Amino acid sequence: MISIIVPIYNVAEYLPQCIESICRQTYADLEIILVDDGSTDRCPDICEEYAMKDKRIHVIHKENGGLVSARKTGIAAAHGGYISCVDSDDWIEKDMMQRLMDSGAGADIIVGAGYEECGSYQGIKKNTVPEGLYATKEQREDLYGRMIMNGNFFAYGIQTSLWGKLFKRELYEKCCMEVADVISYGEDTACIYPCILAAESVYVTNQLLYHYRMRKGSIVRSAKVSDENFRYLYKTLQSNFERCAYKEILNMQLRYYMWQALLLKGYERIDSRMALFPFEKVRQGMRVAVYGAGLFGQVIENYCRCSKNVSVAAWFDRRCDMYIQQGLSVKSSSDVMHTEFDVLVIAILNVSLAERIKKEYVSLGLSEDKIDLVNMETLDRADLPQFCVYP
């Protein structure tokens with residue numbers, strides 16, 4: 001049996017689609033645990049209505065304690081041999097559980113992939129390690145070396161999200177319970193990588209089975225992250241990595257991961273003397289054109305717009321239509337060559353992708369001196385903020 005845990009908080013608009021996609025699974029041996037984490041909208045009633053229709057649904061109402069707390073409540077009530085987590089504003093393909101079970105062949109962790117959805121836009125979120133079974137010592141060693149950062153800053157080997165995966169119950173329970181409730185950003189990361197280290201077998205497939213909804217009001221995009229959050233996230237991962245024979249490479253990946261987390265959710269607390277960290281070409285008084293409207297691009301554009309040191313000349317993204325739907329003032333990437341600016345910063349944390357975008361604009365005639373992107377050497381020279389690593 002698979003126990004599917006759905007933490008729920010004030011998503012009444014999306015919850016029916018989520019629950020129905022689970023109830024319609026072709027794999028019937030399911031236990032569906034809906035954890036209402038103190039919702040103040042119609043979510044509690046919606047949960048009860050679906051429980052009346054499907055005897056596999058078990059509803060738990062609790063005081064609001066956050067996502068980690070809700071997942072712990074769910075796992076404590078679960079009875080399945082496997083655990084899967086579905087976010088309450090997302091939905092899944094009707095054969096997701098069946099296909100994961102069929103392909104995973106009893107592995108401790110079965111890793112899938114999915115789509116990211118926003119209006120008419122549909123992107124893909126895949127793992128970048130090769131598909132297949134990692135069960136021997138050599139195979140697992142290869143996975144450890146690439147699971148967090150696979151070759152460049154910043155490309156996940158295994159996507160950090162808990163969604164789209166199946167875990168053996170005992171494995172998930174142990175790692176989930178070790179995640180501090182205070183972690184509201186990176187809580188999936190604090191669970192998934194310790195799970196992989198503790199697993200004897202991991203199966204990876206890039207079958208697209210999950211639909212992740214990108215929305216303006218989601219926890220990832222809107223919540224403020226505390227210093228304590230970063231500290232507990234770092235310590236949780238480091239303590240697991242220190243117990244591993246491969247701690248050197250894991251701790252190196254952890255340092256880069258923390259830089260990524262800080263750039264996305266703690267940018268204003270990074271102590272740097274640069275006009276625009278980590279973009280070394282930006283100087284005070286410059287007009288900055290920002291390329292990229294994802295989370296990092298939003299951070300950089302907002303900082304430049306509010307800064308006294310630099311100003312925003314324009315903001316670009318090739319998926320501008322999707323971001324305009326979210327209320328962002330983004331222009332088409334084709335407008336870059338018709339805009340006046342001092343430097344174009346490519347605010348994309350995947351360095352390989354950023355390099356490709358840079359080459360495209362250089363080929364169109366933009367001077368390479370006017371383009372800047374995240375440089376791993378810049379991050380290597382900088383120290384992680386003390387609040388992130390010390391109590």
Side-chain angles (χ1 to χ4, degrees), residues 13-14 17 87 89-91 93 113-128 150 152-156 159-161 163-164 185 206 208-223 260-261 263-265 267 276 278-279 287-305 312-341 343-366 370-374:
E13 179 182 355
Y14 311 109
Q17 182 183 18
D87 291 343
D89 52 352
D90 299 338
W91 71 100
E93 292 290 315
Y115 301 97
E116 56 180 14
E117 310 267 358
C118 182
S120 60
Y121 167 77
Q122 186 181 71
I124 293 175
K125 294 178 75 71
K126 286 187 175 183
N127 309 288
T128 64
N150 189 16
N152 70 81
F153 188 94
F154 201 88
Y156 294 115
Q159 287 292 324
T160 59
S161 52
W163 59 253
Y185 177 80
N206 274 324
L208 302 171
L209 305 172
Y210 192 97
H211 296 263
Y212 167 71
R213 190 189 307 272
M214 301 170 64
R215 59 187 181 89
K216 193 172 182 180
S218 68
I219 293 174
V220 170
R221 292 178 177 271
S222 62
Q260 183 225 29
L263 289 170
L264 291 177
K265 299 297 288 187
Y267 187 82
L276 188 66
F279 299 102
R287 297 167 300 160
V288 177
V290 180
Y291 184 102
L295 286 180
F296 186 44
Q298 292 175 38
V299 167
I300 294 301
E301 191 276 341
N302 180 72
Y303 179 85
C304 291
R305 181 162 38 84
V312 179
W315 192 11
F316 307 99
D317 197 285
R318 66 181 178 85
R319 301 180 300 184
C320 62
D321 291 346
M322 180 188 75
Y323 292 112
I324 290 172
Q325 291 177 31
Q326 298 180 35
L328 303 180
S329 302
V330 184
K331 296 182 178 181
S332 170
S333 57
S334 61
D335 291 336
V336 168
M337 301 303 296
H338 311 293
T339 304
E340 292 292 329
F341 53 81
V343 61
L344 173 70
V345 298
I346 302 177
I348 294 174
L349 291 180
N350 185 320
V351 172
S352 178
L353 174 58
E355 288 282 5
R356 290 201 298 271
I357 294 169
K358 176 182 176 180
K359 288 180 181 178
E360 289 176 8
Y361 283 117
V362 170
S363 69
L364 292 172
L366 185 60
K370 294 187 69 172
I371 305 175
D372 204 358
L373 46 79
V374 176

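The residues of the chain are indexed from 1 along the displayed sequence. Model, not experiment: these values are computed from the prediction. What you see below is based on every heavy atom in this structure, not just the backbone, and it leaves out hydrogens, waters and symmetry mates.
- Note on ring orientation: taking the six-membered ring where Trp is involved, the planes of Y291 and Y361 are perpendicular (angle over 60°, cut-offs 30° and 60°).
- Distance alone, capped at 3.5 Å, is enough to place a donor-acceptor pair between the W315 side chain and the G292 backbone.
- Within a 6.0 Å radius of NZ in K359, other residues, nucleotides and ligands contribute 12 heavy atoms or fewer.
- Rounding to the nearest 0.5 Å gives a distance of 10.5 Å between CG of L328 and CG of N302.
- Under a cut-off of 6.0 angstrom, the local environment of CZ in R318 is sparse, with at most 12 non-hydrogen atoms contributed by other residues, nucleotides or ligands.
- Taking CG from L353 and CD from E355, the interatomic distance works out to 10.0 Å, rounded to the nearest 0.5 Å.
- Put simply, the side chain of Q159 does not reach to within 4.5 Å of the side chain of Y210, judged on heavy atoms.
- Closest non-hydrogen pair, T339 versus A314, comes out as CG2-CB, 3.9 Å.
- Closest approach of P278 and F296 over heavy atoms only: CD-CZ, 4.3 Å.
- Within the 4.5 Å cutoff, the side chain of D321 has no heavy atoms near those of the Y121 side chain.
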Does the side chain to side chain contact (heavy atoms under 4.5 Å, CB included) test come out yes or no for I348 and L373, once each step is laid out?
CA-CA 8 Å; I348 294 174; L373 46 79; over 6 Å; no

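- In terms of heavy-atom proximity, A313 sits nearest to R287 at CB-CB, 4.1 Å.
- Considering only residues two or more places apart in sequence or on other chains, E301 meets the side-chain hydrogen bond (donor to acceptor under 3.5 Å, both in side chains) condition with R305.
- Among all heavy-atom pairs drawn from A293 and Y323, the shortest one is O-CE2, 3.1 Å.
- F341 and V336 make their closest contact through CE2-O, 3.6 Å (heavy atoms, listed as atom of the first residue, atom of the second, distance).
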Applying side chain to side chain contact (heavy atoms under 4.5 Å, CB included) to N127 and Y156, what does each step give before you reach the verdict?
CA-CA 7 Å; N127 309 288; Y156 294 115; over 6 Å; no

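- Considering CD1 of I371 and CG of L366, their distance stands at 4.0 Å, rounded to 0.5 Å.
- In terms of heavy atoms, C118 sits closest to Q325 at O-OE1, 4.1 Å.
- The shortest side-chain heavy-atom distance between V330 and R319 does not fall under the 4.5 Å cut-off.
- For the atom pair CD of E116 and CG of D90, the computed distance is 11.0 Å after rounding to the nearest 0.5 Å.
- Annotation: side chain of V299 is not in contact with side chain of L263 (no heavy-atom distance under 4.5 Å).
- The distance from the CG atom of L344 to the NZ atom of K358 is 10.5 Å, given to the nearest 0.5 Å.
- The CD atom of E360 sits 8.5 Å away from the CZ atom of R356 when rounded to the nearest 0.5 Å.
- Residues forming a side-chain hydrogen bond (donor to acceptor under 3.5 Å, both in side chains) with E117 (at least two apart in sequence, or on another chain): Q122, H211.
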Before you tell me yes or no, could you show the steps for V374 and F154 under side chain to side chain contact (heavy atoms under 4.5 Å, CB included), namely the whole-Å CA-CA distance, both residues' side-chain angles and the distance that decides it to 0.1 Å?
CA-CA 10 Å; V374 176; F154 201 88; over 6 Å; no

Assess whether side chain to side chain contact (heavy atoms under 4.5 Å, CB included) is satisfied between D89 and Y212, documenting all intermediate values.
CA-CA 8 Å; D89 52 352; Y212 167 71; over 6 Å; no

